[in-house]
Colleague: 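Take this structure first; my questions come after.
Protein chains get the first letters and strands the later ones, always in sequence-line order, with residue 1 at the start of each.
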Number of protein chains: 2
Amino acid sequence: MSVQNKRSEYGCPVAFGLDVFGDKWSMIVIRDLMFRGFTTFKEFLGAGDGIATNILSNRLKHLEIQGIVKKKRDPENARSYIYSLTEKGRDLVPVMIEIVSWSGKYDDRPNARRGLVEKIRNNRENVEKKVRAGAIDF
Amino acid sequence: MSVQNKRSEYGCPVAFGLDVFGDKWSMIVIRDLMFRGFTTFKEFLGAGDGIATNILSNRLKHLEIQGIVKKKRDPENARSYIYSLTEKGRDLVPVMIEIVSWSGKYDDRPNARRGLVEKIRNNRENVEKKVRAGAIDF
DNA sequence: AAAATTAAATTGCATTTTGCAAGTTAAAAT
DNA sequence: ATTTTAACTTGCAAAATGCAATTTAATTTT
């Protein structure tokens, strides 16, 4: 599967993490599950990032194999599935928060989400708690 | 340049960060600068990760353009260059630490660097301080 | 001072991954 | 029975990567 690269022999924890979630589309999917409350294939597609269906499918499968994402049928709509983060996936909240925090310092684009970013930076523990509780409102 | 993808219209801070440093080889280079004290092209090449010269060249250039890495001539060897992290690059320490921390929880490979990872997790502030002081001993 | 070595790339080319459009499968609504 | 919807899969062109060979510029060595 494409995301997976040759593993380093040396057990480096950075390389380990990168093999699991360290590519752009995987991170975008995790972000959408974590902060946007997305649950369906369709939602990911429609998020405006321009991910292709085959790549999305590939990444969801990869993340599922890696234990970051779980997939179940939607009990209310049998032609739909519900994707969600596992505990292992939610444990990536601190990584995401630090990325957001870094961007908050350096993102000078006119459309940067300054207010949101400041809230997250100044309230890391609460953000994490909210994500873990499934109470997403970012 | 290859690392750079279509930017999202929506100013998402996660996407912003990913465009700057969010690909495998960029992260590996940052790791080597941050935790291993690498400074030369040759050192990156010899690190055993199997990065190709063209890709390394591309990523160093990209990171330099992004202001993460700076490059100067080696005063003691005019055919060599010295690469180092900028302040902007060192500000990625928390991101790296959280990745390491996450991996520490989930990396079950026999060669995982458990001791090192635990030290880093339990001592985040000090790790950051050390990196900023250039006193790398990981 | 010519030849060899070293460091940091660049180039050419085969392989792999991505992006895009179209097609498929299975369930549900009309 | 036909159409619509959700989640894919497939085929193919374009882009990125990996690999080996070559280049450039500085430095030693002969």
Colleague: Just how far, in rounded Å, is C1' of C/dT6 from OH of B/Y81?
Modeller: 14 Å
Colleague: For B/R90, what residues pass the salt bridge (charged side-chain N to carboxylate O under 4.0 Å, His left out) criterion, not counting sequence neighbours?
Modeller: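 For B/R90, the residues satisfying salt bridge (charged side-chain N to carboxylate O under 4.0 Å, His left out) (neighbours in sequence not counted) are B/E87.
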Colleague: Between the protein and nucleotides 28-30 of chain C, list the N/O to N/O atom pairs that are separated by less than 3.5 angstrom.
Modeller:
from   : atom 1 : to    : atom 2 : distance (Å)
C/dA28 : O4'    : A/R79 : NH1    : 3.2

Colleague: Write down the distance between CD1 (A/I28) and P (C/dG19), rounded to a whole number of angstrom.
Modeller: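 From A/I28 CD1 to C/dG19 P: 12 Å.
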Colleague: Measure the distance from CD on B/E43 to C1' on C/dA8 and round it to the nearest whole Å.
Modeller: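 It is 13 Å, rounded to the nearest whole Å.
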Colleague: Sequence neighbours left out, what pairs pass ring-ring contact (aromatic ring centres under 6.0 Å, His included) with at least one residue falling in residues 111-130 of chain A?
Modeller: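 Sorted result for residues 111-130 of chain A: empty, none.
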Colleague: What's B/S80 touching, base or sugar-phosphate or nothing? Going by heavy atoms closer than 4.0 Å.
Modeller: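 B/S80: backbone/sugar contact only, no base atoms under 4.0 Å.
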Colleague: Taking side chain to side chain contact (heavy atoms under 4.5 Å, CB included) as the test, write out the residues that go with B/E128, two or more places apart.
Modeller: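 With neighbours one apart ignored, the set is B/V93, B/P94, B/R132.
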Colleague: Phosphate oxygens OP1/OP2 of C/dA8: is one of them under 4.0 Å from a side-chain N or O of B/S57?
Modeller: no
Colleague: Closest nucleotide of DNA chain C for A/A52 versus for B/K71: which of these residues is on the 5' side?
Modeller: B/K71
Colleague: Rounded to whole angstrom units, what separation is found between the CG atom of B/D23 and the P atom of D/dT17?
Modeller: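 After rounding, the reported distance stands at 7 Å.
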Colleague: Reading DNA chain C from 5' onward, which residue's closest nucleotide shows up sooner: A/R73 or A/I55?
Modeller: A/I55
Colleague: Are OP1 or OP2 of C/dG19 and a side-chain N or O of A/W25 less than 4.0 angstrom apart?
Modeller: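 Yes, such a contact exists.
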Colleague: Roughly how many Å is it from CG in A/L56 to P in D/dA7, rounded to a whole number?
Modeller: 10 Å
Colleague: Without hydrogens or angle criteria, can the side chains of A/S103 and A/R113 be said to hold a donor-acceptor pair below 3.5 Å?
Modeller: no
Colleague: Whole Å only: how far is the CG atom of A/D74 from the P atom of D/dC8?
Modeller: 13 Å
Colleague: Roughly how many Å is it from NZ in A/K61 to P in C/dT18, rounded to a whole number?
Modeller: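 The answer, rounded to whole Å, is 14 Å.
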Colleague: List in chain and number order the residues that pass side chain to side chain contact (heavy atoms under 4.5 Å, CB included) with A/R73, two or more places apart in sequence or in another chain; answer none if no residue qualifies.
Modeller: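 Only A/Y81 meet the side chain to side chain contact (heavy atoms under 4.5 Å, CB included) criterion with A/R73.
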Colleague: Report the residues that fulfil side chain to side chain contact (heavy atoms under 4.5 Å, CB included) with B/R79, sequence neighbours left out, ordered by chain and then residue number.
Modeller: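 Side chain to side chain contact (heavy atoms under 4.5 Å, CB included) check on B/R79 returns B/N77.
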Colleague: Taking CZ from B/F38 and C1' from C/dA7, how many angstroms apart are they, rounded to a whole number?
Modeller: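 It is 16 Å, rounded to the nearest whole Å.
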Colleague: Quick one: on DNA chain D, does B/N54 or A/F41 contact a more 5' nucleotide (nearest heavy atom)?
Modeller: A/F41
Colleague: Looking just at side-chain N and O atoms, do A/S26 and A/D23 make a donor-acceptor pair shorter than 3.5 Å?
Modeller: yes
Colleague: I want to check one thing: is the phosphate of D/dT17, taken as OP1 and OP2, less than 4.0 Å away from some side-chain N or O of B/R59?
Modeller: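 The answer is yes; a side-chain N or O of B/R59 sits under 4.0 Å from OP1 or OP2.
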